[in-house]
Amino acid sequence: MKDDGIATPILLGTSAEIAAAGTRAGVSIAGVLALDPARSGRLEAYATLYSAGRPGANSKVAERLVRKPMFHAGMMLKAGDADAMIAGVANTTGRVIEAGLMTVGLAHGIQTPSSFFLMIVPGRGDGATRSFIYADCAVNVDPDSETLADIALASAQTCRELLCEEPRVALLSFSTKGSAQHARVEKVTRALTLARARAPDLAIDGELQADAALVPHVAAKKVKGNSPVAGKANVLVFPDLDSGNIAYKLTQCLARARAIGPVLQGFAKPLSDLSRGASVDDIVATAAIVLARS
């Protein structure tokens, strides 16, 4: 990241830990900022900031908390001392989300954190490469209508920040506009109603099957009336983690698409989790995406 000019990394840990890691990796850490959270001169300030808005918070407990690397990183982000936070190679997704919730919190109007993949899909023949936001493919297992609406709105904002395009959000299902009747379809249609009420100017539609969301001539057959999304979606919101995880992997394998993520969204500041099996390239790509949203 430093050599490519992507960012100035700040590594949290003791100087001995960071030096040993550089030696194991065979790379120089010269010019990379290293910070030992337990010896930071900002502990008191971060503990005070953490305690603000928490009536009865214990200052000693707050100071012990912000000595922990992930919580220290979150407070750096909240205080404006860092632009983004990346964690997860050495911690579970749940711990990263917990640290994010307890430090920077969620974006205004969002009640549930979620995740997305940036999918870069090569064109067929002379067709242009296309980019999509797939959500949620890593965090929420069986979201209810309220959570689906949250995911849709957070993904729309991600699309604006990352793709620099106006989002066209498709709420996906096995049904298109009432072609099937089921409680799982009703969950999606209710999510549409909730999302439209919260963001009336957003181009969002559902319930849509994947082909109706993506293929214009299919949309023309299946969707009656005008739709701002059908046949031209750039944000795909899946009804559950099964379908989202399967879809991104199938797109990756069969369309030879590049899947970058999962990246967390819905937080008040840019932060993300990493797979504990993340490669160096995965870490750099995720960091670049998160920084692009800062």
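Since the structure is predicted, the reported quantities are computational estimates derived from the model, not experimental observations. Each residue takes its place number in the sequence, starting with 1. All values below were derived from every heavy atom in this structure, side-chain atoms included, with hydrogens, water molecules and symmetry-related copies excluded.
Note that CG of Leu241 is 11.5 Å distant from OG of Ser114, once rounded to the nearest 0.5 Å. Rounding to the nearest 0.5 angstrom, the gap separating the CZ atom in Phe174 from the OG atom in Ser243 is 11.0 Å. Atoms CG and CZ, from Asp144 and Arg190 in turn, are 8.0 Å apart once rounded to the nearest 0.5 Å. Put simply, CZ on Arg130 and CG on Asn234 are 8.5 Å apart, with the number rounded to the nearest 0.5 Å. Atom CG of Leu172 sits about 10.5 Å away from atom CG of Asp240, to the nearest 0.5 Å. How far CG of Leu65 is from CE of Met70: 10.0 Å, rounded to the nearest 0.5 Å.
Between Lys78 and Tyr46 there is no side-chain heavy-atom pair separated by less than 4.5 Å. Within the 4.5 Å cutoff, no side-chain heavy atoms of Glu207 are placed close to those of Leu192. Contact annotation: the side chain of Asp36 never approaches that of Glu17 to less than 4.5 Å [non-hydrogen atoms, C-beta and beyond]. For the pair Leu35 and Ser40, the minimum side-chain heavy-atom distance is below 4.5 Å. The closest side-chain heavy-atom distance from Leu106 to Pro113 is below 4.5 Å. Taking 4.5 Å as the limit, every side-chain heavy atom of Phe132 sits out of range of all side-chain heavy atoms of Leu163. Taking the side chain as every heavy atom from C-beta outward, Val263 and Leu118 never approach each other to under 4.5 Å. Residues Leu236 and Met119 form no side-chain contact, since every pair of their non-hydrogen atoms from C-beta on lies 4.5 Å or further apart.
Under the 4.5 Å side-chain heavy-atom criterion for Ile, Leu, Val, Met, Phe, Trp and Tyr, Val229 and Val215 are members of distinct hydrophobic clusters. Note: the hydrophobic cluster containing Leu202 also contains Ile151 (ILVMFWY, side chain heavy atoms under 4.5 Å, direct or indirect links). Follow the hydrophobic side-chain contacts under 4.5 Å out from Val89 and you never reach Leu11; the two are in separate clusters. Note: the hydrophobic cluster containing Met76 also contains Met102 (ILVMFWY, side chain heavy atoms under 4.5 Å, direct or indirect links). Following chains of ILVMFWY side-chain contacts shorter than 4.5 Å, one can reach Leu49 starting from Ile10, so the two form part of one hydrophobic cluster.
No hydrogens or angles considered: a donor-acceptor pair under 3.5 Å links the side chains of Asp282 and Ser279. Between the side chains of Thr158 and Arg293, at least one donor N or O lies within less than 3.5 Å of an accepting N or O. Judged by distance alone, the side chains of Thr176 and Gln209 do bring a donor and an acceptor atom under 3.5 Å apart. Counted by atom type alone, Thr251 and Tyr134 present one or more donor-acceptor pairs between their side chains at under 3.5 Å. Using modelled atom types and a 3.5 Å distance limit, the side chains of Asp273 and Thr93 yield a donor-acceptor pair.
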Between Leu12 and Lys68, is the side-chain contact (heavy atoms from CB on, under 4.5 Å) condition met? List the steps.
CA-CA 9 Å; Leu12 298 189; Lys68 298 178 180 181; over 6 Å; no
Would His182 and Ser175 count as a side-chain contact (heavy atoms from CB on, under 4.5 Å) if you check the C-alpha gap in whole Å, the side-chain angles of each, and the deciding distance to 0.1 Å?
CA-CA 9 Å; His182 192 276; Ser175 168; over 6 Å; no
Where do Ile86 and Leu274 land on the side-chain contact (heavy atoms from CB on, under 4.5 Å) test, with the steps shown first?
CA-CA 7 Å; Ile86 303 291; Leu274 293 162; 3.3 Å; yes
Evaluate the criterion side-chain contact (heavy atoms from CB on, under 4.5 Å) for residue pair Thr92 and Arg276; output intermediate values, then yes/no.
CA-CA 7 Å; Thr92 64; Arg276 278 179 284 175; 3.8 Å; yes
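Of the listed residues (Lys222, Lys232, Arg168, Arg196), just one forms a salt bridge (Lys or Arg N to Asp or Glu O under 4.0 Å) with Asp205, and that residue is Arg196. Screening Ile283, Ile289, Val290 for a side-chain contact (heavy atoms from CB on, under 4.5 Å) involving Thr286 leaves a single residue, Val290.
Not one N or O on the side chain of Asp81 forms a donor-acceptor pair closer than 3.5 Å with the backbone of Met75. A distance-only check finds no donor-acceptor pair linking the side chain of Lys177 to the backbone of Leu208 [under 3.5 Å]. Here the side chain of Ser51 pairs no donor or acceptor atom with the backbone of Thr48 at under 3.5 angstrom. Between the side chain of Asp136 and the backbone N or O of Asn140 there is at least one donor-acceptor pair closer than 3.5 Å.
The existence of a salt bridge linking Lys187 and Asp142 is confirmed by a sub-4.0 Å separation between a basic side-chain nitrogen and an acidic carboxylate oxygen. Ion pair Glu63/Arg67 flagged as a salt bridge, since at least one NZ, NE, NH1 or NH2 atom sits closer than 4.0 Å to an Asp/Glu carboxylate oxygen.
Residues Ala47 and Ser59 share a closest heavy-atom pair of CB-O, 4.4 Å. Closest approach of Val284 and Ile6 over heavy atoms only: CG1-CD1, 3.5 Å. Of all heavy-atom pairs spanning Ile133 and Ser155, the tightest one is CG2-CB, 4.3 Å. Between Phe116 and Leu162, the closest heavy-atom pair is CE1-CD2, 3.7 Å. Nearest heavy atom pair, residue Ser115 against residue Gln265, reads O-NE2, 3.7 Å. Closest non-hydrogen pair, Pro37 versus Pro69, comes out as CG-CA, 4.0 Å.
No more than 12 heavy atoms of other residues, nucleotides or ligands sit less than 6.0 Å from atom CD of Glu44. Summarising the local packing, CZ of Arg124 is surrounded by 12 or fewer heavy atoms from other residues, nucleotides or ligands at distances under 6.0 Å.
Relative orientation of the Phe117 and Tyr248 rings is parallel, given thresholds of 30° and 60° on the angle between their planes.
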